[in-house]
Number of protein chains: 2
Amino acid sequence: MQDLFTSFSLQVNNRVYIKNPESSALGRKIVESSINLIDNVGFEAFTFRKLGLEIHSNEASIYRYFESKYKLLLYLTSWYWSWMEYRIAFGLANIPSPEERLEKAIKLLTENIELDGSFEHINEYKLNKIVIAESSKSYMTKEVDQNNKEGFFSGYKQLVGRVSNIILEINPTYKYPHMMISTLIEGAHHQRFFAQHLPRLTDAVNGEDAIIEFSKDATFKAINAVRPIK
Amino acid sequence: MQDLFTSFSLQVNNRVYIKNPESSALGRKIVESSINLIDNVGFEAFTFRKLGLEIHSNEASIYRYFESKYKLLLYLTSWYWSWMEYRIAFGLANIPSPEERLEKAIKLLTENIELDGSFEHINEYKLNKIVIAESSKSYMTKEVDQNNKEGFFSGYKQLVGRVSNIILEINPTYKYPHMMISTLIEGAHHQRFFAQHLPRLTDAVNGEDAIIEFSKDATFKAINAVRPIK
DNA sequence: CATTTATGATAGTATTGCTATTATATTTGC
DNA sequence: GCAAATATAATAGCAATACTATCATAAATG
């Protein structure tokens, strides 16, 4: 339990912020409103000046929490992956069959996220939209190696590692577990975006969430495993 | 193939540029140097002012070809997808077996691109790196629907459609051909980036190009088809 | 109640993403 | 071969962005 608690607290690498936004009302307001604002105007048009106006606070004050809007995006995505790992850890608890655990993990990773309400200042529904549309901008940068050294992506890597291990439990000889899981996560995000904006790049199927079904089907076949029967 | 390419230029939607850069020496220089500069400094740090300095020309002159650096990126990615479709069209010519055609298409879509030299002013090797690292920034924007209406992504959609059709030839009942192909293309790009920068998100296998192998293996299994024997 | 600490208000700087203007080449059409 | 059209270069300028600095004031803490 101790082990569990330490790996699954929603801790975000403390180097992505200057001052922990969880530590004050202003900090939480910054996080809460940044999610709304990025969701509304997109990451490129998002600025700390606009955010300051929005929360009736001050640009300079926001800079005391985050060095730049990129660091704030890193904070949001890190928080998201922490949250996702927590969801998966609890969602899979007490399920003995690895096939069932894998199936559930895929569902949790690829499903549409709804507003959860567990966290006062974080709207998971909007955060998921941001992760889908903007998170690649947090690592597809010239600073990726530097950022990686500082551990900014460790939450994501840990999550991929955890789910990959379920694959290896089912089929220890499968050669590409990490590729499979990271492709599945990024792929599902892309497909949700395409379904909204570029539908010719995806396939809609009546009466099912095609993205979840596609992900489960492709994964189980790739690792030569049989999907649990409903 | 080399000779063939020199006899025609690839078609790019004429709304992404103001003046066709193929139509003048300056235009070609803009395209050629923008590829070098974006590859060097990344898309965020890339500006028309810097590009002007680089080619000993003028910021204002570049604006006569491209409305903004986003449009230039759209031009580069559109060109890339056009080029990829030609590669595939010629690469699959006269292969009767759809399984063999699919396998070859997957290879062409997911392999590492090397400098080809067919086009004077375009370095395909660097352009591929740009498409991997920056192309999502061309559609993950608030303007995506507007841009899509103007046909800026039609080359990409056409390419996905073409390869999806091979899947349907092999297995007409497979429900997710477009999802499969767009996931495979984006996925392979991500995996190449991860292999370089975030290796814990991928899997290296000695003696093979793991990304091509993973893509082929997963695709053929997903559509319940048998891979051609070497 | 004194003092540290957090926030607010304002100003300032370098860079970006353009547009406008005017001058000078270069191409072309007759 | 020359005038007229067109393309490019040089320079300037402007509003917005991405910060940093300074100083004043409010709130929390000891």
Side-chain angles (χ1 to χ4, degrees), chain A residues 14-34 37-38 40-76 121 134 137-138 140-143 146-147, chain B residues 14-34 37-38 40-76 121 134 137-138 140-143 146-147:
Chain A
N14 65 8
R15 287 149 107 175
V16 305
Y17 50 75
I18 296 167
K19 183 181 171 177
N20 191 341
E22 303 265 7
S23 72
S24 76
L26 178 64
R28 289 186 295 272
K29 195 102 191 82
I30 288 171
V31 169
E32 179 178 12
S33 289
S34 70
L37 192 51
I38 294 173
N40 273 335
V41 304
F43 186 65
E44 345 299 321
F46 167 78
T47 70
F48 280 0
R49 186 160 305 191
K50 288 177 192 166
L51 181 57
L53 285 171
E54 193 87 3
I55 61 179
H56 305 289
S57 176
N58 194 279
E59 199 185 357
S61 303
I62 300 167
Y63 275 102
R64 286 190 196 99
Y65 285 84
F66 294 102
E67 193 179 300
S68 68
K69 68 174 184 170
Y70 287 93
K71 288 283 166 71
L72 173 49
L73 182 61
L74 279 169
Y75 178 86
L76 294 177
H121 62 298
E134 320 288 2
K137 296 165 193 167
S138 75
M140 290 278 184
T141 66
K142 283 283 157 181
E143 295 77 37
Q146 174 61 29
N147 288 344
Chain B
N14 65 9
R15 286 150 106 177
V16 305
Y17 50 76
I18 296 167
K19 184 180 169 176
N20 191 341
E22 302 265 8
S23 72
S24 76
L26 179 64
R28 290 186 294 273
K29 195 99 190 84
I30 288 171
V31 169
E32 179 178 12
S33 289
S34 69
L37 192 51
I38 295 173
N40 273 334
V41 304
F43 186 66
E44 346 299 323
F46 168 78
T47 70
F48 280 0
R49 189 161 303 190
K50 287 176 193 166
L51 180 58
L53 285 171
E54 192 87 3
I55 62 179
H56 306 290
S57 175
N58 194 279
E59 200 185 355
S61 303
I62 300 166
Y63 275 102
R64 284 190 201 98
Y65 286 84
F66 294 101
E67 196 178 298
S68 67
K69 69 173 185 171
Y70 287 93
K71 287 284 166 70
L72 173 50
L73 182 61
L74 279 168
Y75 178 86
L76 294 177
H121 62 299
E134 319 287 1
K137 295 164 193 167
S138 75
M140 291 276 184
T141 67
K142 283 283 157 182
E143 296 77 37
Q146 175 61 29
N147 288 344

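Residue numbers begin at 1 in each chain, while the letters A, B, ... track the order of the sequences.
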What integer distance in Å separates B:Arg28:CZ from D:dA7:P? 14 Å

Atom-pair distance (CD on A:Glu44; P on D:dA16), nearest Å: 18 Å

Is the shortest side-chain N/O distance from B:Thr47 to OP1 or OP2 of C:dG17 below 4.0 Å? no

Return the value, rounded to whole Å, for the distance between atom CZ of B:Phe43 and atom C1' of C:dT16. 13 Å

Can you measure B:Ile18 atom CD1 to D:dT8 atom C1' for me and round it to whole angstrom units? 15 Å

Can you find a side chain N or O atom of A:Lys19 that sits less than 4.0 Å from OP1 or OP2 on C:dT5? no

Answer with base, sugar-phosphate or nothing: what part of the nucleic acid does A:Lys50 contact at a heavy-atom distance below 4.0 Å? sugar-phosphate

Run B:Tyr65 and B:Ser24 through side-chain hydrogen bond (donor to acceptor under 3.5 Å, both in side chains) and show every step you take. CA-CA 10 Å; B:Tyr65 286 84; B:Ser24 76; 2.5 Å; yes

Does some side-chain heavy atom of B:Glu134 sit less than 4.5 Å from a side-chain heavy atom of B:Ile38? yes

Once rounded to the nearest 0.5 Å, what's the spacing between atom CD of A:Glu54 and atom NZ of A:Lys29? 8.5 Å

With a 4.0 Å cut-off on N to O distance, would you call B:Glu44 and A:Lys137 a salt bridge? no

To the nearest Å, how far apart are A:Phe46 CZ and D:dA18 C1'? 12 Å

Interatomic spacing from CG in A:Leu53 to OG1 in A:Thr47 - rounded to 0.5 Å: 8.0 Å

Taking only heavy atoms on the protein side, list every residue of residues 58-71 of chain B lying under 4.0 Å from any atom of DNA chain D, sorted numerically. B:Asn58, B:Ser61, B:Arg64, B:Tyr65

Give, for atom NZ of B:Lys142 and atom CZ of A:Phe46, the distance between the pair rounded to the nearest 0.5 Å. 13.0 Å

NE2 on B:His121 to CD on B:Glu32, rounded to 0.5 Å: 8.0 Å

Grab the NE2-C1' distance between A:His56 and C:dA6 for me, whole Å please. 19 Å

Atom CZ of A:Arg49 and atom P of C:dG8: how far apart are they, to the nearest Å? 16 Å

For B:Ile30 and D:dT8, give me the distance from atom CD1 to atom P, rounded to whole Å. 8 Å

5′-ward residue of the pair A:Phe48/B:Leu26 relative to DNA chain D: B:Leu26

Does the ring of B:Phe43 carry B:Lys69 above it, NZ/CZ under 6.0 angstrom from centre and within 45° of its axis? yes

Are any of B:Ser57's side-chain N or O atoms less than 4.0 Å away from OP1 or OP2 of D:dT8? no

Check B:Tyr75, B:Phe66, B:Phe48 against B:Ile30 for a side-chain contact (heavy atoms from CB on, under 4.5 Å) and give me the one that passes. B:Phe66

Base, backbone or nothing for each nucleotide of nucleotides 25-30 of chain D, written B, S, -, heavy atoms under 4.0 angstrom, 5' to 3'? ------

For D:dT8, does either OP1 or OP2 sit under 4.0 Å from a side-chain N or O belonging to B:Ser24? yes

